[in-house]
Amino acid sequence: MKKTVLRIGFALLAAFAVSAAWAQDPSERAIQVLDQLDAGQYQEVADNFDEQMAAAMDVATLGQVWGSIPQQLGAVQSRGEPQATRQDGHDVVVVPVQYERALANVSIAFNAEGRIAGLLVQPAEAPPAAADTE
């Protein structure tokens, strides 16, 4: 009996720790998702998909797609400042990512429950060069 109570207590503590870690603002969640993707933690990301996203992309497909990005664009060089907006009831965060060969915007949409409702990588325009004032 005591062991069962301890197991339940640990399970609740673990569930609380996971939900507390995920209860961040949308920009922080987006950075967390990118960190997980870059670390190959595809299952952890997929576990936070909403129903529609889960139906559209399984873990294997997510791994294939994300794994193909460095093959196409080169290694990640840096990330820019996330920009969060609210669109159609979703928090949408766009993170500029500089790869070796291209700049891309990674957009991650979160539904009202904070689950991932969309993930999109698209080419971005490089920021305009600073004007030469000499």
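When reading the values below, keep in mind they use all heavy atoms of this one structure, side chains included, and skip hydrogens, waters and symmetry mates. Quick caveat: nothing in here was measured; it's all calculated off a predicted structure.
Distance CG/N48 to CD1/I108: 11.0 Å, rounded to 0.5 Å. Going from atom CG of D58 over to atom CE of M53 covers 11.0 Å, rounded to the nearest 0.5 Å. Taken from CG in L119 to CH2 in W66, the straight-line distance is 6.0 Å, to the nearest 0.5 Å. Atom-to-atom distance recorded for E44:CD and D35:CG is 12.5 Å, nearest 0.5 angstrom. Taking CZ of R101 as the start and CD of Q77 as the end, the distance is 10.0 Å to the nearest 0.5 Å.
Here the shortest heavy-atom pairing between A46 and L62 reads N-CD2, 4.3 Å. Heavy atoms only, all atoms of each residue included: Y42 and L37 are closest at CE2-O, 3.6 Å. Minimum heavy-atom separation, V93 to S27: CG2-N, 3.9 Å. For the pair T85 and Q87, the tightest heavy-atom approach, listed with the atom from each and the gap, is OG1-NE2, 3.1 Å. Nearest heavy-atom pair, Y99 versus A104, reported as atom, atom and distance to 0.1 Å: CE1-CB, 3.9 Å. When all heavy atoms of F110 and G114 are compared, the closest pair comes out as CD2-O, 3.5 Å.
Linking ILVMFWY residues whenever their side-chain heavy atoms come closer than 4.5 Å, directly or via other members, leaves V94 and L103 in distinct clusters. V106 and I69 fall within the same hydrophobic cluster, where Ile, Leu, Val, Met, Phe, Trp and Tyr residues are linked whenever their side-chain heavy atoms come under 4.5 Å apart, directly or through other members.
E100 places a side-chain N or O within donor-acceptor distance of the main-chain N or O of A75, the cut-off being under 3.5 Å. No side-chain donor-acceptor contact under 3.5 Å links Q36 to the backbone of G40.
Every residue meeting the side-chain hydrogen bond (donor to acceptor under 3.5 Å, both in side chains) condition with Q43, not counting sequence neighbours, appears here in chain and number order: D47.
Side-chain contact between E51 and N111: absent, with no pair of heavy atoms (C-beta onward) separated by less than 4.5 Å. Using a 4.5 Å heavy-atom cutoff, the side chains of R86 and V92 are not in contact.
When each of V76, D38, N105 is paired with V97, the side-chain contact (heavy atoms from CB on, under 4.5 Å) condition holds for V76 and for no other.
For Q52, the CD atom counts as loosely surrounded, since its 6.0 Å shell holds 12 or fewer non-hydrogen atoms of other residues, nucleotides or ligands.
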